[in-house]
Amino acid sequence: MKIEEVSAEDKIISEWERRRYRPKPGEPELPPQLSGFANKSTDEVLKEINRLPFFMTELDETDGEGGQNESLEALKSLAYDGEPHEIAANFKNQGNECYKAKRYKDAVQFYTQGIEIECKDDQINTALLINRAACNLELKNYRMCIEDCKKALLIDENNVKACYRAGRAFFAVNRYQEAKEILRYGLTKDPENQPMKDTFKNIEEKEQQVKAAIERKEEKAARKKEEERTLDKAIELRRIKILKSPRPPALLEDTKMKLEDPLDMESQLILPAMILYPTTDEFDFVAEVSESSAPIDVLTLLMDRPAEWFDDPKHENFSVKNLECYMETLSGGLIKVGKKTPIANAIMADGAKAPLFDNGLRLYVVPKQESSEWIKTWSKEAALAKRQL
């Protein structure tokens, strides 16, 4: 036996045919209220039914021809049928149902409609205000929550819910003092109210945390300022000159000159260092070099490289023993620095003083075989002009 599948649309049409009104002898073709459905398709009938308020699956405020849905408007008018306090109470109840379902925006709308009735029942008006405040608290509309609580307290000065919700809203926007004041007032009305007591305690704990954070920040700022003063004194004590470039190298921006003990100006000065190889147009960067160390210490570190590096012809004369070190002077000239001479001697000398550039050491390193030719190409004027770039 062959079984044919029936589509969902066919099932709907079949069900429609089964339930369809069939007049008996002497009866009209359709009841008067359904006469408008004659000669219409199933989809057209369902669309018409959707305009009936109790069958609506989506809001349709038209009559299908651009006019007003009179049935819906009539139903809306029922919401305002009765005494003002009854209408306001009805909106309150609808708002309460939405609140229970966590439909807070819908609840706010119902409570607002109830408030706008301006009935003379203080109990209903207070409930509408504090209930709307509860919704706005959930929606994080803290200012609106606070305003509703204030209005509720003007009607009923003993309303502890208004105090509690206003306290929570003030707390949420970090207005701790106002939060404590309204909660303290609420506790005079209901001293055993645990939610208010818990919120008051949370505010005090938060205040302590904020206070401690501010103190830590102030202590950190004060220590940083003291460290800066100590470093400035240490530089002054050592008679070190520092030249600033308009555009310092990024590497020097990320590392800073410092003291080994930031609060002891006589402790070791630690410097970042740019090691330049002008004959090969290369450089190295060392983040920390002590003022008591000598160039040979830096070169020993830097020349500890793989053998392949020295196989390159331009590096064949690079060795700790074969390299010479130079520093630039304030006047733009050059001084040779002994490889075993502490760096502090060069930067603290009163004669041909070698300054620091952007708080860092600048050391030129060239092979002995190429140093004479390189020195000949050095120009004081060019060096001084470069400092302005």
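Just the heavy atoms: all of them, side chains too, but no hydrogens, waters or symmetry mates, feed the values below. Residue numbers start at 1 and run along the sequence shown.
- At least one side-chain heavy atom of Leu139 sits under 4.5 Å from a side-chain heavy atom of Lys105.
- For Asn174 and Tyr176, the side-chain atoms include at least one donor-acceptor pair closer than 3.5 Å.
- Asp312 contributes no side-chain N or O that, together with a main-chain N or O of His315, makes up a donor-acceptor pair within less than 3.5 Å.
- Residues in residues 125-134 take part in these side-chain hydrogen bond (donor to acceptor under 3.5 Å, both in side chains) pairs, two or more places apart or across chains: Asn96-Asn131, Thr112-Arg132, Arg132-Asp148.
- Lys386 places none of its side-chain heavy atoms less than 4.5 Å from the side chain of Glu328.
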ring-ring contact (aromatic ring centres under 6.0 Å, His included) between Tyr277 and Phe283, intermediate numbers included: CA-CA 6 Å; Tyr277 308 107; Phe283 75 90; 8.7 Å; no

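- Asp190 contributes atom CG, which lies 7.5 Å from atom CD of Glu192 (distance to the nearest 0.5 angstrom).
- Two residues are said to be in side-chain contact when any heavy atoms from C-beta on lie closer than 4.5 Å; Glu116 and Phe91 fail this criterion.
- Under a 3.5 Å cut-off, the side chain of Lys339 and the backbone N or O of Leu323 do form a donor-acceptor pair.
- Under the rule for a side-chain hydrogen bond (donor to acceptor under 3.5 Å, both in side chains), the partners of Arg229 that lie at least two apart in sequence or sit in another chain are Glu226.
- Looking at Arg362 and Leu276, their side chains come closer than 4.5 Å, going by heavy atoms from C-beta outward.
- Environment of CD in Gln123: sparse, with no more than 12 heavy atoms of neighbouring residues, nucleotides or ligands closer than 6.0 Å.
- Applying the salt bridge (charged side-chain N to carboxylate O under 4.0 Å, His left out) criterion to Glu181, with sequence neighbours excluded, gives no partner residue.
- Applying the side-chain hydrogen bond (donor to acceptor under 3.5 Å, both in side chains) criterion to Tyr185, with sequence neighbours excluded, gives no partner residue.
- Here the straight-line distance linking atom OG of Ser293 with atom CD of Gln268 works out to 8.0 Å at 0.5 Å rounding.
- A side-chain donor-acceptor contact under 3.5 Å links Arg165 to the backbone of Ile130.
- Inter-residue side-chain proximity for Ile347 and Leu271 is flagged as met; some heavy-atom pair is nearer than 4.5 Å.
- For residues 368-383, no pair satisfies salt bridge (Lys or Arg N to Asp or Glu O under 4.0 Å), with sequence neighbours left out.
- For Lys189, the side-chain hydrogen bond (donor to acceptor under 3.5 Å, both in side chains) partners are Asn158, not counting sequence neighbours.
- For Asn159 (side chain) and Ala162 (main-chain N/O), a donor-acceptor pair under 3.5 Å exists by modelled atom type.
- Heavy atoms of other residues, nucleotides or ligands lying less than 6.0 angstrom from CG of Asp311 number more than 12.
- Under the 4.5 Å side-chain heavy-atom criterion for grouping Ile, Leu, Val, Met, Phe, Trp and Tyr, Ile242 is connected to Leu363 within one hydrophobic cluster.
- Residues forming a side-chain hydrogen bond (donor to acceptor under 3.5 Å, both in side chains) with Ser371 (at least two apart in sequence, or on another chain): Glu324.
- With rounding to the nearest 0.5 Å, the separation of CG in Leu153 from CD1 in Ile182 is 5.5 Å.
- With sequence neighbours left out, Lys161 forms a salt bridge (charged side-chain N to carboxylate O under 4.0 Å, His left out) with no residue at all.
- Within 6.0 Å of CD in Glu266 there are 12 or fewer heavy atoms belonging to other residues, nucleotides or ligands.
- Counting only residues at least two apart or on different chains, the salt bridge (Lys or Arg N to Asp or Glu O under 4.0 Å) pairs with a member in residues 294-309 are Asp284-Arg305.
- Every residue meeting the salt bridge (charged side-chain N to carboxylate O under 4.0 Å, His left out) condition with Glu97, not counting sequence neighbours, appears here in chain and number order: Lys100.
- For the atom pair CD (Glu228) and CG (Asp232), the distance works out to 7.5 Å, reported to the nearest 0.5 Å.
- Under a cut-off of 6.0 angstrom, the local environment of CE in Met348 is crowded, with over 12 non-hydrogen atoms contributed by other residues, nucleotides or ligands.
- Within the model, atoms CG of Asp358 and CG of Leu251 stand 11.5 Å from one another, a figure rounded to the nearest 0.5 Å.
- The shortest side-chain heavy-atom distance between Met327 and Ile335 falls under the 4.5 Å cut-off.
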Worked check of side-chain contact (heavy atoms from CB on, under 4.5 Å) between Met144 and Val108: CA-CA 11 Å; Met144 296 179 185; Val108 166; over 6 Å; no

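- The side-chain hydrogen bond (donor to acceptor under 3.5 Å, both in side chains) analysis of residues 199-216, with sequence neighbours excluded, yields the pairs Lys180-Glu207.
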From CA spacing to verdict: salt bridge (Lys or Arg N to Asp or Glu O under 4.0 Å), Glu227, Lys258: CA-CA 9 Å; Glu227 289 177 1; Lys258 61 183 180 180; over 6 Å; no

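- The two residues Met303 and Phe310 make their nearest non-hydrogen contact at O-CZ, 3.4 Å.
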side-chain contact (heavy atoms from CB on, under 4.5 Å) assessment of Leu183 paired with Phe171: CA-CA 10 Å; Leu183 290 172; Phe171 184 23; over 6 Å; no

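- Considering only residues two or more places apart in sequence or on other chains, Glu157 meets the salt bridge (charged side-chain N to carboxylate O under 4.0 Å, His left out) condition with none of them.
- Dense packing is recorded around CD of Gln194, with more than 12 heavy atoms of other residues, nucleotides or ligands lying under 6.0 Å away.
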Intermediate values then yes/no, ring-ring contact (aromatic ring centres under 6.0 Å, His included), Tyr326 and Trp374: CA-CA 11 Å; Tyr326 297 85; Trp374 174 69; 5.6 Å; yes

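- Panel note: side chain Asn322, backbone Phe318; no donor-acceptor pair is recorded below 3.5 Å.
- The CD1 atom of Ile115 sits 4.5 Å away from the CG atom of Leu129 when rounded to the nearest 0.5 Å.
- Under the 3.5 Å distance criterion, the side-chain polar atoms of Glu291 are matched with a main-chain donor or acceptor of Leu269.
- Taking the side chain as every heavy atom from C-beta outward, Thr230 and Pro262 never approach each other to under 4.5 Å.
- When all heavy atoms of Thr341 and Pro295 are compared, the pair lying nearest together is O-CD, 3.1 Å.
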Candidate pair Gln94 and Gln113, rule side-chain contact (heavy atoms from CB on, under 4.5 Å), full reasoning: CA-CA 11 Å; Gln94 291 182 77; Gln113 287 177 282; over 6 Å; no

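- Inter-residue side-chain proximity for Leu231 and Lys256 is flagged as unmet; no heavy-atom pair is nearer than 4.5 Å.
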Glu147 vs Asn136, side-chain contact (heavy atoms from CB on, under 4.5 Å): CA-CA, chis, key distance, verdict: CA-CA 10 Å; Glu147 287 302 314; Asn136 280 319; over 6 Å; no

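- Residue Met265 comes nearest to Ala234 through the heavy atom pair O-CB, 3.5 Å, listed as atom of the first residue, atom of the second, then distance.
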